[in-house]
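Everything on this sheet refers to the single structure shown next.
Below, read A as the first sequence line, B as the second, and so on, with proteins coming before strands; counting in each chain starts at 1.
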Number of protein chains: 2
Amino acid sequence: MASIKDVAAEAGVSVATVSRVLNSHPSVSEEARTRVLAAVEALGYRPNAVARSLRTAQTRTLGLVISDVLNPYFTELARFVEEEARALGYSVIIGNADERPELQDHHIRTLIDRRIDGLLVSPADGGSPLMRDVALGGTPMVFVDRWIPGIDVPVVRADGTGAVKDLVAHLHGLGHRRLAIIAGPAATTTGNERVEAFREAMRGLGLALPDAYIGQGDFQAASGRRATERFLALAEPPEVVFAADNLMALGALDAIRARGLRVPDDIALAAFDDIPWFVHTDPPITAIAQPTADLARAAVRALADLIEGRTPQSVTLPARLVVRRSSGGAATNQRSDR
Amino acid sequence: MASIKDVAAEAGVSVATVSRVLNSHPSVSEEARTRVLAAVEALGYRPNAVARSLRTAQTRTLGLVISDVLNPYFTELARFVEEEARALGYSVIIGNADERPELQDHHIRTLIDRRIDGLLVSPADGGSPLMRDVALGGTPMVFVDRWIPGIDVPVVRADGTGAVKDLVAHLHGLGHRRLAIIAGPAATTTGNERVEAFREAMRGLGLALPDAYIGQGDFQAASGRRATERFLALAEPPEVVFAADNLMALGALDAIRARGLRVPDDIALAAFDDIPWFVHTDPPITAIAQPTADLARAAVRALADLIEGRTPQSVTLPARLVVRRSSGGAATNQRSDR
DNA sequence: CTGAAAGCGCTTACAG
DNA sequence: CTGAAAGCGCTTACAG
């Protein structure tokens, strides 16, 4: 592959001049510029980003570590993150932690070794020593969706409190009193907050949330299945199951169906995180939708601010309730846009 | 961040010795090794991958360009690609083309500028001049799923011919004679091959495939919707719609529902590419499943072979039919594993 | 076994 | 406006 030296030789100038032309430095004569550009064209020259990065100490690359690529919520987040990053002149490298803390650490380490300019993380756990070191070590970092208390970096996330309240009120209005929740891992903030918001909303309506109605999940389908089986085996099973993410809702649906029960007639179902497929499930699933695109954009902008020396903003955006048939509510007429 | 010089100073050796220890070069004294390792530990030193890449002219990085991350088929492919690559000591950078050729070129260019060691591509189109240049220019490259005739690189893909034949026989057995297909973009191989396999299978059973029963799609849901609306407006609408990918099947389902028709009673539906959600749609969707994990692994291995100077293998694996309710077949008892 | 030195491909003060 | 030179952080023949 042609190097800057080859271009300089071809154009009859020094490599410094070539570099200046390539970086649009103002003080280059029109003639030199033309000759360089012609040489670049003739040789099909492309600057070596590795060399440039070594020299400038910046890679124009962002790392994005998410907990599970197979979860459509994160896939969508990643897609919008890349889009916004591209608009700001950055590439992004995605690391998929698969909800495994050690894999998360592996990706963080790899990304740091590659000297990415900044890190966007949706932590799979309560925060490894490594993540703490990275944050303290001065690598620009922003949490998105999930965050870790005690690590002082900007957080961009959705607040589901209002939407959960709406959901509980909706279910209460339909006459339901026994509501159960499948929680996410206690080590994640989204795991806890959703349970708290739920408990709070229940309390507001004078409803109890017994421990037996709190299932422990890990954001994966299988755990939703297990938790739901346990609910259904109870002497007094719940009338509603609320899953703290979409995959666990799918597991819940499996378990309910395996028991030969119908949704919502025998038991109602709702989920945190709305995804296009929920319109097409049997029945369509009531969900709490996050403003994913806006979150992604805000997170990238906060990270770019941090990298480029501006003051970053933590952002919290409200989630909203989308009622569909699974909760026994009116079917909405929604269509998938994809 | 500490550099190799700092480590050398701390350990009281030269940078050459530090480098040798880090790269497990045999000729280093036990004592030097111990001192270097201690210094590395003390300083929390991590080698700068950018500098190493510049010097060694290899990045231990693979580029993966897929046509649409939001399509669960590609998400899954990407996941397994990363897994296998990691096992072989490579990182992967994903570029999402969003089915847009110019975005695909953008990602290819960026990846080449970063001097990735090899490129895995599932082309969104018939092949840009850039892609041709890259292949010719000596960058190790492998096509996965989709490929481009005339670009001579290994291809790893699924062969759906048998499964499509099974599908058509299944539908024929249920008494259906008027089968329609929603094709993918003519510029993609998977777009064409699936139509050809379908036509072939129909011919084998003495069935005609009139042009009106071939809808033109682009692998996105909206195009599946449009094509299906057109089918349904026909004087003699088809009894079955077969979508050449999962997203178009979703669009078809939308269109059918919007007309107030039921699947499979009023019209049957099947799709190429099986995804976990198809178990949960209303009704569950009959699909042709690709061995995604195996394809991903074979593709990465072929690329690694190419990079490391071994002889790569093109691989074709059979897809298989999974019958569910949407085709009017027996419901299978399948569960989502996630 | 070890170190001094060259060099990967760039960018950027510095001097002119 | 331009070029020679230093240097980013590594690796690796070469000499000892």
Side-chain angles (χ1 to χ4, degrees), chain A residues 1-37 39-40 43-61 89 109-117 137 139, chain B residues 1-37 39-40 43-61 89 109-117 137 139:
Chain A
M1 226 169 269
S3 84
I4 196 172
K5 269 190 204 160
D6 302 318
V7 177
E10 173 83 14
V13 297
S14 72
V15 295
T17 297
V18 175
S19 177
R20 288 194 190 97
V21 171
L22 263 23
N23 294 290
S24 330
H25 189 98
S27 49
V28 181
S29 70
E30 201 44 56
E31 201 216 325
R33 182 180 315 278
T34 319
R35 292 234 302 279
V36 168
L37 260 20
V40 165
L43 300 173
Y45 170 74
R46 299 280 326 175
N48 182 329
V50 174
R52 174 177 288 172
S53 291
L54 179 59
R55 177 56 227 239
T56 61
Q58 52 170 12
T59 51
R60 297 301 294 180
T61 303
R109 203 171 292 115
T110 306
L111 291 166
I112 296 299
D113 287 355
R114 282 162 190 270
R115 301 300 192 263
I116 47 143
D117 291 343
T139 301
Chain B
M1 229 170 269
S3 84
I4 196 172
K5 268 191 204 160
D6 302 317
V7 176
E10 173 82 14
V13 297
S14 74
V15 296
T17 297
V18 175
S19 178
R20 288 193 189 98
V21 171
L22 263 22
N23 294 291
S24 331
H25 189 98
S27 49
V28 181
S29 69
E30 201 45 56
E31 201 216 325
R33 183 181 314 278
T34 319
R35 291 233 302 280
V36 168
L37 260 20
V40 164
L43 299 173
Y45 170 73
R46 299 280 327 174
N48 182 329
V50 175
R52 174 177 287 172
S53 290
L54 178 59
R55 176 57 226 237
T56 62
Q58 52 171 11
T59 51
R60 298 299 294 178
T61 303
R109 202 170 293 117
T110 305
L111 290 167
I112 296 299
D113 287 355
R114 282 163 189 270
R115 302 298 192 263
I116 46 143
D117 292 342
T139 301

Name the first nucleotide and the last nucleotide along DNA chain C (5' to 3') that come under 4.0 Å of a heavy atom in chain B.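 Contact boundaries, 5' end first: C:dC1 to C:dG9.
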Walk me through whether A:Ser19 and A:Ile4 qualify under side chain to side chain contact (heavy atoms under 4.5 Å, CB included). CA-CA 8 Å; A:Ser19 177; A:Ile4 196 172; 4.0 Å; yes
Indicate yes or no: at least one non-hydrogen side-chain atom of B:Arg46 is less than 4.5 angstrom from one of A:Ile112.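 A side-chain contact under 4.5 Å is absent here.
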Between [atom1] on residue [X] and [atom2] on residue [Y], distance to nearest 0.5 Å:
{"X": "B:Arg20", "Y": "B:Arg33", "atom1": "CZ", "atom2": "CZ", "value": "11.5 Å"}
{"X": "B:Leu54", "Y": "A:Asn48", "atom1": "CG", "atom2": "CG", "value": "6.5 Å"}
{"X": "A:Leu111", "Y": "A:Ile116", "atom1": "CG", "atom2": "CD1", "value": "5.0 Å"}
{"X": "B:Thr17", "Y": "B:His25", "atom1": "OG1", "atom2": "NE2", "value": "10.0 Å"}
{"X": "B:Leu43", "Y": "B:Met1", "atom1": "CG", "atom2": "CE", "value": "13.0 Å"}
{"X": "A:Thr61", "Y": "A:Asp117", "atom1": "OG1", "atom2": "CG", "value": "6.5 Å"}

Take N1-N3 plus N6-O4 or O6-N4 for Watson-Crick, N1-O2 plus O6-N3 for G-U, both under 3.5 Å. Which runs of 3 or more such pairs involve DNA chain C?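 Stem segments, range with range: C:1-3 with D:14-16, C:5-12 with D:5-12, C:14-16 with D:1-3.
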Considering only atom P, compute the distance from D:dG9 to D:dA13 and round it to an integer number of Å.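 Pairwise P distance, D:dG9 against D:dA13, rounds to 23 Å.
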I need the residues from residues 18-37 of chain A with at least one non-hydrogen atom less than 4.0 Å from DNA chain C; give them sorted by number, or say none. A:Ser19, A:Arg20, A:Asn23
Closest to the 5' end of DNA chain C, once B:Arg115 and B:Gly12 are matched to their nearest nucleotides, is B:Gly12
Quick one: on DNA chain C, does A:Ala16 or B:Ser14 contact a more 5' nucleotide (nearest heavy atom)?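 Of the two residues, B:Ser14 wins.
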Does the side chain to side chain contact (heavy atoms under 4.5 Å, CB included) test come out yes or no for A:Val40 and A:Leu22, once each step is laid out? CA-CA 9 Å; A:Val40 165; A:Leu22 263 23; 4.1 Å; yes
So, A:Ser53 and A:Arg114: side-chain donor and acceptor under 3.5 Å apart, yes or no? no
